[in-house]
Amino acid sequence: IPLVPPADPVSIYAQSLLESLHLGEMKTEDLDGAVTLVGAVCEVLLTNRKIRQVLGTILQISEPIMERIVTGSVLAVILGKQMGFESPRFLGRIAVSAFLREIGLGLISKDLVSEELLDLPKESQEKFMQHPILGSQLLDQIRGIPTEIVQAVAQFHERCDGTGYPQKLKRPQITTIAKILTLADAAYQDVFSQKPKWDNLSSFLLSVKSSKSEIFDREILARLKLPS
């Protein structure tokens, strides 16, 4: 496998963030294991020139989006383990899917990415909401990317109650990995972003599990073993 160019900005950014990542009450061994896996996935994926190029475009547009991608990938692996998924192969696919989940943002107009979705005109919103499909189509053309990962990237913005995009799929149509990515991204936004709604991950997960909302899959929520 060819090495990632040493000056590649995405690799430098991701590895620097992973080395300094702190997720509150997270157990050290859980965090370390997830960070190691995501770091390895990052290095392998960035050997592909097209993936490196598109993720580099995203980093140029918005460093906070790249932070969400990297941190959300770690969270996805941790949540997958807390749900009882122990297979290295499956956890690896969670990590790869999470790291590539927003790659479609590098394939649409920069103006669309720099604005909040709800602030965009309707026509622009519709263009923005095609980015999961564009990302999955790109990955489908790359040799060695499993269909399971392509599907997860296409479905990451879907919601179990049918309110997501771009296809408004419902729970039975959405893959398990996509459902885990959705939960991990919400956890990042509500706990670890610049505008958190919760003080820690456990509080967020307890709230989601006790909620009557059908946005997240009840079966995977039931699998969660929260820290005592």
Side-chain angles (χ1 to χ4, degrees), residues 3-47 51-52 54-86 88 90-103 105-106 113 149 152-153 156 177-208 220 224-228:
L3 295 176
V4 179
D8 175 66
V10 176
S11 179
I12 292 171
Y13 177 83
Q15 296 300 342
S16 175
L17 179 59
L18 289 169
E19 288 173 7
S20 61
L21 193 61
H22 178 68
L23 296 179
E25 84 279 27
M26 196 68 60
K27 290 182 180 178
T28 302
E29 60 268 27
D30 291 342
L31 179 58
D32 288 350
V35 164
T36 298
L37 177 56
V38 172
V41 160
C42 169
E43 287 299 306
V44 172
L45 289 175
L46 291 177
T47 61
I51 290 175
R52 190 168 65 244
V54 177
L55 289 178
T57 297
I58 295 173
L59 180 59
Q60 289 177 353
I61 296 172
S62 172
E63 189 170 301
I65 291 178
M66 187 56 65
E67 179 181 348
R68 178 164 62 87
I69 288 173
V70 176
T71 307
S73 299
V74 173
L75 284 168
V77 173
I78 290 171
L79 291 176
K81 293 198 72 172
Q82 289 182 351
M83 291 171 190
F85 296 110
E86 295 291 344
F90 189 71
L91 291 172
R93 291 195 172 187
I94 290 174
V96 172
S97 300
F99 201 82
L100 295 174
R101 70 189 188 278
E102 292 285 31
I103 195 167
L105 291 177
V113 180
I149 290 170
V153 170
F156 154 63
I177 292 180
K179 292 170 181 174
I180 294 172
L181 301 190
T182 298
L183 182 62
D185 199 65
Y188 172 79
Q189 299 280 22
D190 285 1
V191 183
F192 302 106
S193 69
Q194 294 180 354
K195 297 180 180 179
K197 298 178 182 177
W198 295 94
D199 292 333
N200 55 67
L201 182 61
S202 294
S203 296
F204 165 78
L205 294 174
L206 282 169
S207 171
V208 170
I220 67 166
L224 272 171
K225 298 178 179 67
L226 301 183
S228 54

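Distance check: L45 CG to L100 CG gives 5.0 Å after rounding to the nearest 0.5 Å. If you take OG1 on T182 and CZ on R101, they are separated by 9.5 Å, rounding to the nearest 0.5 Å. Atoms CD1 and CE, from I78 and M83 in turn, are 12.0 Å apart once rounded to the nearest 0.5 Å. Once rounded to the nearest 0.5 Å, the distance linking OG of S193 with OH of Y188 reads 6.0 Å. Atom CG in L79 sits 6.0 Å away from atom CG in L205 (nearest 0.5 Å). The distance from atom OG1 of T36 to atom CG of L31, rounded to the nearest 0.5 Å, is 9.0 Å.
At most 12 non-hydrogen atoms from other residues, nucleotides or ligands lie less than 6.0 angstrom from CD of Q194. Atom CG of D32 has more than 12 heavy atoms from other residues, nucleotides or ligands within 6.0 Å.
Every residue meeting the side chain to side chain contact (heavy atoms under 4.5 Å, CB included) condition with I58, not counting sequence neighbours, appears here in chain and number order: L55, I65, M66, I69, L105. Evaluation of the side chain to side chain contact (heavy atoms under 4.5 Å, CB included) rule for S97 yields I149, A152, I177, L181 as partners, not counting sequence neighbours. By the side chain to side chain contact (heavy atoms under 4.5 Å, CB included) test, N200 is found to be paired with E25, S202, S203, residues two or more places apart in sequence or in another chain being considered. Qualifying ring pair (Phe, Tyr, Trp, His ring centres under 6.0 Å) partners for F85, counting only residues two or more places apart in sequence or in other chains: F90. Looking at residues two or more places apart in sequence or on another chain, you find a side chain to side chain contact (heavy atoms under 4.5 Å, CB included) between V208 and L183, F204, F216, L221.
For residues 12-21, there are no salt bridge (charged side-chain N to carboxylate O under 4.0 Å, His left out) pairs, not counting sequence neighbours. The salt bridge (charged side-chain N to carboxylate O under 4.0 Å, His left out) pairs that include a residue from residues 66-80 are R68-E102, R68-D185, where partners are two or more places apart or lie in different chains.
Shortest non-hydrogen contact noted between C42 and Q15 is SG-NE2, 4.0 Å. A pairwise comparison of heavy atoms in V54 and G106 identifies CG1-CA, 3.7 Å as the closest pair. The minimum heavy-atom distance between G80 and L91, with the atom names listed, is C-CD2, 4.2 Å. Pairing each heavy atom of A95 with each of V77, the nearest pair is CB-CG2, 3.8 Å.
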Practice task
Might you work through the side chain to side chain contact (heavy atoms under 4.5 Å, CB included) test for D30 and L23, ending with a clear yes or no?
Solution key: CA-CA 10 Å; D30 291 342; L23 296 179; over 6 Å; no
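Between the side chain of S11 and the backbone N or O of D8, no donor-acceptor pair lies under 3.5 Å. At distances below 3.5 Å, at least one donor-acceptor pair connects side-chain atoms of R52 with backbone N or O atoms of L46. In this structure, S73 contributes its side chain and F99 its backbone to a donor-acceptor pair below 3.5 Å.
Residues T47 and E43 fail the side-chain proximity criterion, which asks for heavy atoms closer than 4.5 Å. Residues L201 and L75 are in side-chain contact: their nearest non-hydrogen atoms beyond the backbone lie under 4.5 Å apart.
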